[in-house]
Amino acid sequence: MDEKYYAQKIEQKWQKRWAEKGIFEARVDESKEKFYCLEMLPYPSGRLHMGHVRNYSIGDALSWYKRLQGYNVLHPIGWDSFGQPAEQAAIKKGVNPREWTEDNINQMREQLQRLGISYDWSREIAAHRPEYYKFDQWFFLKMREMGLAYKKMTKVNWCPKDETTLSNEQASGGVCWRCGSAVEKIDLAQWFFKITNYAEELVEGLKQLEGGWAERVLTMQKHWIGRSEGAFVEFQVRTGYGSGRLNSDNSDVRKDSKALNSTVQPSATADGSDCIRVFTTRIDTIYGANSIVVAAEHPVVLENYEKFSDEVKAKIEEIKIEKAKPRDYGEEIEKDGIDTDLKAINPFSREELPVWIGNYVMMEYGTGAVMSVPAHDERDFEFAKKFDLPIRQVISEPHLIHEHQQMQALALEQAFTEKGVLVHSDFWNGKTSDDAKREMTEFAEKHSFGEGAITYRLRDWGISRQRFWGAPIPIIYCETCGEVPVPYDQLPVELPESAPFTGVGESPLAKVPEFVNTVCPKCGGNKATRETDTMDTFVDSSWYYFRYADPHNAEMPFDPEIVKYWAPVDKYIGGVDHAVMHLLYTRFWTKAMRDMGLVDFDEPVKNLLTQGMVVGESYYSETHSSYIEQDLVKIERDERGKILSAILKEDGTPIRVAVEKMSKSKYNGVDPDDMVLVYGADAVRIFALFAAPVENELVWLETGIDGAVRFLQRVYRQLNNWHEALKNSPPEAPQDFGNDARKLRQKTHQTIKRITENFETGQFNTPVAALMELSNALNDFKIQPLVADEGDLFAVNEAVRSLILMLTPYAPHICEELWEVLTGSEDGILASNARFPVADEEWAKAVELEIPIQVNGKLRSRVVVSPKTTNQELEDLALADDKIREHTDGKQIVKIIVVPKRLVNIVVK
RNA sequence: GCUUGGGUGGCGGAAUAGGUAGACGCACAGGACUUAAAAUCCUGUAUUCUUCGGAGUGUGCGGGUUCGAUUCCCGCCCCAAGCACCA
């Protein structure tokens, strides 16, 4: 054993040994319980950053912990290697995206290995390799067969900077998830996956994730899916103008089972006149409707456009122009609109209502038309106030019913949006909102002018991307046969070696004739061209962790039998920024795979740990310079407009960078490689976990890491001090222990207990603190090795062994080394079948308790007693205490509260 | 505006079936060892007053429940993240 702790030497030695023995390679073993520990796979940008280090340190600590408990652990890693940066590098620097990607992977793999993360490298995958994306295409074909993939021409989100389309999830908030540019809407033919088929299930499934997933992720998904229960109601349009289908059918609406019996395409009512269909969650307020408000793009507007007055036409155009403008996040838009002069009939009251166009009605949600009930909806209220439309209250608070029945109208200060009791609603008066909703919906169904329905905010997932660096969509367009899927035996459709990267215009693949021109697999004709769009990279990451279970399968994405053993994922660790995108897609994918018969469960991830972001005081790396410009997402400026800091979103894992420091051309600050070089991987990893709870933001201060280094050095010294003497430690516990040994054993078992509990509750910072305490206790053990008796040696040996094993998940290299020193075995901890220590409850029990004594709730004294002391004895001790008597003498004792083993409180007057 | 988290020393953070607030670490100060420095070890460190025994005040703010509240309840303020006219 070296005198001093040389991190580099030890770390290299054990990394080599682990690799040679393949110690972390996982195999199916039905006799053992499995644990699948997964971290979100990185984009191969070229360099690891501290966010990665934190992510993988968490996963590795858990993997080691579970291994030491005897679990069969699967802990894989791979590369999310399709995507924009490779293509940007190609455009800007003319490099080959494939080579660029492979180089980056090699660099980052080395970095991960230097960190000593215990991955099963034999299962490494990379999305850009044909053996992987073959199965993206395989899945695409399956989805298409199942009716889950379809192509349609629609308005799609377009990022003008990245020159590609985006899914709704990727364009959330009106900005591109990668570059932050304002998203435009353009018309384009796109392939979609029908995620909306699973909308209900995706909401329902959230329930079984409760407890295992962070609350905020669940609510974010819930909001995104946006389930809302209500009814469709048709309002006949009295027009005098021409006719046509006026209702919109663009709402990706699935009707509930009850509604399926009613008219599915109710474009025309019984008497043949046209109608406007609205969606409402408050059919009980329908007697309060003062108008129908439709979106400017609504079919009824298009149908009647020519007949509108110039004023109406002008307003329609104005609203459309205003809507197309990119909006700031917090911006409030003033209500605007105009009366079209069309009239609609309220099917309940038979009242004639004006049809308005309103800028606050969105074509994308519901039917693009609403019934405006100003008394009971804030937006309608605002609209009615602005245009001085009538406001009629039809829902009353139960205690105000009488007043409402007496008076025609109570002036409302604001919309009353709560449920209540119906008034001024004819025959429905006096019913509660809930009853009225149900009964009025039934009434509408019976009379064929409406039906109960559930709508969702969730839209289908647009997966076409006009990029080169992605998996080609396996479709051929034949002049005679039309759209033809590539047969399974012709997969993969390989990407060509390269393509003209101009960064503008259509997909680069369209400019590669060898790729585009092909033979129709159906008729054999040569007038066939390939689809030139590639798939969204979120397709790759939707199923990658199933591939890890069976990574070399050439026939199937994976063997269902093997996945059955490993899946679902027991712990998934990653950034919260994927709460909606990736985590929603992968849940959808799992349900689709279940329907393909590939898996037999609904939810892929049992437990999700969302880690906080790593924040650096100063961060700059030469290698990042080429990305900084395109990857800055959020910028903070001071009053003078000077940039203070920015968030770099390199591969979805955001990291804050200080721009002032970045202007210096030299490296300055936190780079994992340099940290590892200076402090060692173990110290870096310990600090990453110890410095803050994993879900918090972590401010990376270099000074803090000294504590981690000092701790490891001290443990090393302690073993150096004791290991010779410990060779004489008795194998079985002796009968007698001295006072010091007794104390040390107690601390050891208390620590084991505490750490085991901490791991179960997902804490990573407090176990390190507990280990530091144990090491401190060992330091306080004043008996020197040469004079230690059997009991002392046993106690120290027990403490040291436990300390090493419990520290292994955090700092595996040094622990392997110390284990070798202690046991003489070169096999390593796992190979020697060592197990995480188990606490002896007897020893963990406190031998003496310090009981605080309060007078009127204020701490006045303490007594040290044995745990067996009775309440009466405690009370007597407290009353006899000198310091207590100072506060109680001459006063009347009202009562005495004794909390067993906790405290005594004397109440005096 | 809505939703979800969160506000504890100079700093990162401990501690909630209500029971000694500030574990552990950083930083800082003093001491030991040393010719010296580094390393290491020891001591101190919420705050105010103090006769050095202690006493008062303290977990964003204001109330409440309780013998006792960082923890529970009511009403605010502030910060972060997500969503945003979702009918």
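In the text below, chain A, chain B and the rest are named by the order of the sequence lines, each starting its count at 1. For clarity, every value in this text was computed on a predicted model and none was experimentally measured.
- Summarising the geometry, the separation between CZ on R216(A) and P on A81(B) is reported as 11 Å, rounded to the nearest angstrom.
- Computed from coordinates, the Q221(A) CD to A81(B) C1' distance equals 16 Å when rounded to whole Å.
- Checked by distance alone, E850(A) brings a side-chain donor or acceptor within 3.5 Å of a matching partner on the base of U20(B).
- Comparing C26(B) with G44(B), their P atoms sit 16 Å apart, to the nearest whole Å.
- Here C83(B) presents its P atom at 11 Å from NE2 of H223(A), a figure rounded to the nearest Å.
- To the nearest whole angstrom, the two P atoms, one in G58(B) and one in C2(B), are 33 Å apart.
- The pairing partner recorded for U57(B) is A46(B), the criterion being a Watson-Crick or G-U wobble arrangement whose two distances lie under 3.5 angstrom.
- A cation-pi arrangement is present between K335(A) and Y360(A) under the rule of less than 6.0 angstrom and at most 45 degrees off the ring axis.
- Atom pair I225(A):CD1 and C83(B):P shows a separation of 14 Å (rounding to whole Å applied).
- Look at CZ on F687(A): it is 10 Å from P on A27(B), rounded to the nearest Å.
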*Verify side-chain contact (heavy atoms from CB on, under 4.5 Å) between T751(A) and E773(A), making sure each step is shown before the conclusion.*
CA-CA 8 Å; T751(A) 306; E773(A) 281 185 49; 5.8 Å; no
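- The CE atom of M220(A) sits 16 Å away from the P atom of U3(B) (whole-angstrom rounding).
- Of the P atoms belonging to G60(B) and G12(B), the separation is 14 Å, rounded to the nearest Å.
- Between K858(A) and the phosphate of U57(B), there is a side-chain N or O to OP1/OP2 separation shorter than 4.0 Å.
- Rounded to the nearest Å, the gap between the P atom of G10(B) and that of U48(B) is 10 Å.
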*Step by step, work out the side chain to side chain donor-acceptor pair (under 3.5 Å) result for T417(A) and E378(A).*
CA-CA 8 Å; T417(A) 58; E378(A) 282 167 23; 4.6 Å; no
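- G53(B) and G63(B) have their C1' atoms separated by 37 Å, given to the nearest Å.
- Residue N696(A) has a polar side-chain atom (N or O) positioned under 4.0 Å from OP1 or OP2 of G13(B).
- The aromatic rings of F416(A) and H376(A) sit perpendicular, their planes meeting at an angle over 60°, well past the 30° parallel limit.
- If you measure from atom NZ of K782(A) to atom P of C42(B), you get 6 Å, rounded to the nearest angstrom.
- Taking atom CZ on R902(A) and atom C1' on A15(B), their separation rounds to 10 Å, with Å as the unit.
- Comparing G19(B), C24(B), U3(B) by their nearest atom to the side chain of N776(A) picks out C24(B).
- Spacing between A23(B) and U70(B) at atom C1', rounded to whole Å, works out to 15 Å.
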